Amino acid sequence: MTSERREAPGQAPDNATAAARARDFFSVPAPVKRIFDKFPLVTYPANDLPYCSWSNRQGNRLFVFTDAAGARRGRPSFNPQCLKWQAYLRFAGIDFDIVPSSNHASPTGALPFLLPALPVGNNAPIPSSKLQKWAIEQVHCEEEQQLNTRFEVYASLLDHRIRNAWLYALYVDSENFDAVARRLYVDASTTNPAVRAALALQLQQAARAELLKTSTYIDAGALEAEVGEAFEALSTLLGDSVHFFDRPNPGLFDASVFAYTHLILDEKMGWKRDRLGQLLRRHENLVQHRERLLKFF
């Protein structure tokens, strides 16, 4: 006759009993285990970049915000960050094809990025943070940040004052958002009304959050005053020169300025409130600078 140890009511089980119960609780039932034994877990390799009609081309491919027609004709991107590097590579004399893309398709989560033609079989994308270094290696052009100590000072005008005014004009201003940003970024991404509404809200919230990083509230008047001062400073820096910093050929800083001035002055953007354009047109040399660089496209 076997003896069985029973626990008294209210008595805590010993360690062995508790461990056995834990194993029983977390164990997989035998029928379910047999099913999973037939389908073991597998770690799949990372997905390849999305395939499109440009995938079989042999040249350099720059993935930017644009539409199919703009990509075929090499038109400037409607996104300042993309246009900056698109213009810079043009100015450096590097050939490439434009591929319409989005942040969701980018390996880094942001555009632009480039797939180089060489070495053959190399599918490693080059993010925007490394595009200048890559371009210098391709054509042995000069790195202008090292040639002029004022580069970073004036670049901050573009990265902060002008960019903030752009974010406000494009995303926070409701009329411009509906006429420009919604058409370019929202409606072009999906036809689902619910997704469109969510994406539109996400874009506007992201812009507001970015503006609130440097201010406790969004002051449209202050942003307008700051961008006006930035345009005046850039106009003074350019002076009567053809390119910034008296370069014989346009460089990265020229491309950075062009990325904003072209889109601000481009009538095809469809601006409803053109306050940035009004401020920019006060400086004729900046307008002419934009027109000269537009000929590259």
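Bear in mind the structure is a predicted one, so any value in this text is a computation, not a measurement. Worth knowing before you read on, the calculation uses all heavy atoms, side chains too, and leaves out hydrogens, waters and symmetry mates.
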| said: Is it true that, when you exclude E267 itself, more than 12 heavy atoms of the residues, nucleotides or ligands shown sit nearer than 6.0 Å to its CD? | reply: no
| Would you say the side-chain atoms of D254 and H289 include a donor-acceptor pair closer than 3.5 Å? | yes
| Heavy-atom side-chain contact between K84 and L252 under 4.5 Å | yes
| task | Could you tell me whether a side-chain N or O of N285 sits under 3.5 Å from a main-chain N or O of S235, the two making a donor and an acceptor? | result | yes
| task | Is it possible for you to say whether F96 and I136 belong to one hydrophobic cluster, with membership spreading through side-chain heavy-atom contacts below 4.5 Å? | result | yes
| request: Compute whether any side-chain donor of one residue and acceptor of the other, for Q205 and R208, lie under 3.5 angstrom apart. | output: no
| query | For the side chain of R247 and the backbone of H243, is there at least one donor-acceptor N/O pair under 3.5 Å apart? | reply | no
| Within one Ile-Leu-Val-Met-Phe-Trp-Tyr cluster: V242 and Y154, side-chain cutoff 4.5 Å | no
| task | For S106 and A110, work out which heavy atoms get closest and say how close. | result | OG-O, 2.6 Å
| Distance from D178 atom CG to D187 atom CG, nearest 0.5 Å? | 9.5 Å
| said: Is it true that, when you exclude Q278 itself, more than 12 heavy atoms of the residues, nucleotides or ligands shown sit nearer than 6.0 Å to its CD? | reply: yes
| Residue pair E232 / R282, side-chain heavy-atom distance below 4.5 Å | no
| Common cluster, L184/V99, ILVMFWY with side-chain heavy-atom separation under 4.5 Å | yes
| request: Report yes if the side chains of P76 and L294 come closer than 4.5 Å at any heavy-atom pair, otherwise no. | output: yes
| Shared ILVMFWY cluster between L201 and I218, side chains joined below 4.5 angstrom? | no
| query | Quick one: does Q86's side chain get under 4.5 Å of L62's, heavy atoms only? | reply | yes
| Atom OH of Y171 and atom CG of L211: how far apart are they, to the nearest 0.5 Å? | 11.5 Å
| Do other residues, nucleotides or ligands put more than 12 heavy atoms under 6.0 Å from D95 CG? | no
| Can you tell me how far the CD1 atom of I162 sits from the CD atom of E229, to the nearest 0.5 Å? | 11.5 Å
| Which pair of non-hydrogen atoms, one from A233 and one from L157, has the smallest distance, and what is that distance? | CB-CD1, 3.7 Å
| said: With clusters defined by side-chain heavy atoms of hydrophobic residues (ILVMFWY) lying less than 4.5 Å apart, directly or transitively, does V139 cluster with W134? | reply: yes
| task | In sequence, state the C-alpha distance, the side-chain angles, and the governing distance for V64 and L111, and then conclude on side-chain contact (heavy atoms from CB on, under 4.5 Å). | result | CA-CA 6 Å; V64 301; L111 293 180; 5.5 Å; no
| request: Report the residue from R273, K272, R182 that forms a salt bridge (charged side-chain N to carboxylate O under 4.0 Å, His left out) with D173. | output: R273
| query | Any donor and acceptor pair, going by atom type alone, linking the side chain of S156 with main-chain N or O of V153 inside 3.5 Å? | reply | yes
| note | Closest non-hydrogen contact found for P250 with F91 is O-CB, 3.5 Å
| query | When R290 is tested against each of V257, D266, L263, I264 for side chain to side chain contact (heavy atoms under 4.5 Å, CB included), which residue passes? | reply | D266
| task | Cation-pi check, R73 to F297: give yes when NZ or CZ is under 6.0 Å from the six-membered ring centre and within 45° of the ring axis, no otherwise. | result | no
| query | With a 4.5 Å heavy-atom cut-off, do N60 and L115 have their side chains touching? | reply | no
| Can you tell if the side chain of S128 reaches within under 4.5 Å of the side chain of W85, non-hydrogen atoms only? | yes
| task | List the steps and the verdict of ring pair (Phe, Tyr, Trp, His ring centres under 6.0 Å) for Y185 and F65. | result | CA-CA 9 Å; Y185 292 100; F65 282 109; 5.2 Å; yes
| task | Grab the two heavy atoms, one from P125 and one from P107, that are nearest each other, plus how far apart they are. | result | CG-CG, 3.5 Å
| query | Hey, what do you get for CD (E224) to CG (D219), rounding to the nearest 0.5 Å? | reply | 10.0 Å
| task | Report the C-alpha distance between L83 and F258 in whole Å, list the side-chain angles of each, state the deciding distance to 0.1 Å, and finish with yes or no for side-chain contact (heavy atoms from CB on, under 4.5 Å). | result | CA-CA 8 Å; L83 180 53; F258 174 77; 4.0 Å; yes
| remark: In terms of heavy-atom contacts, S77 and C82 come closest through OG-CB, 3.4 Å
| Please walk me through it: do K130 and I126 pass side-chain contact (heavy atoms from CB on, under 4.5 Å)? | CA-CA 6 Å; K130 298 182 179 180; I126 300 174; 4.0 Å; yes
| Looking only at atom types and distance, does a side-chain atom of R281 sit under 3.5 Å from a main-chain N or O of G277, one as donor and one as acceptor? | yes
| query | Heavy atoms, side chains only, cut-off 4.5 Å: are L170 and W271 in contact? | reply | yes
| Relative to the ring of F244, is the ring of F253 parallel (under 30°), tilted (30 to 60°) or perpendicular (over 60°)? | perpendicular
| field | Separation of L203 CG from L199 CG (nearest 0.5 Å) | value | 4.5 Å
| remark: Closest non-hydrogen contact found for S256 with L158 is CB-CD1, 3.6 Å
| What is the distance from atom CZ of F231 to atom CG of L280, rounded to the nearest 0.5 Å? | 4.5 Å
| query | Going by heavy atoms in the side chains, are L237 and F245 under 4.5 Å from each other? | reply | yes
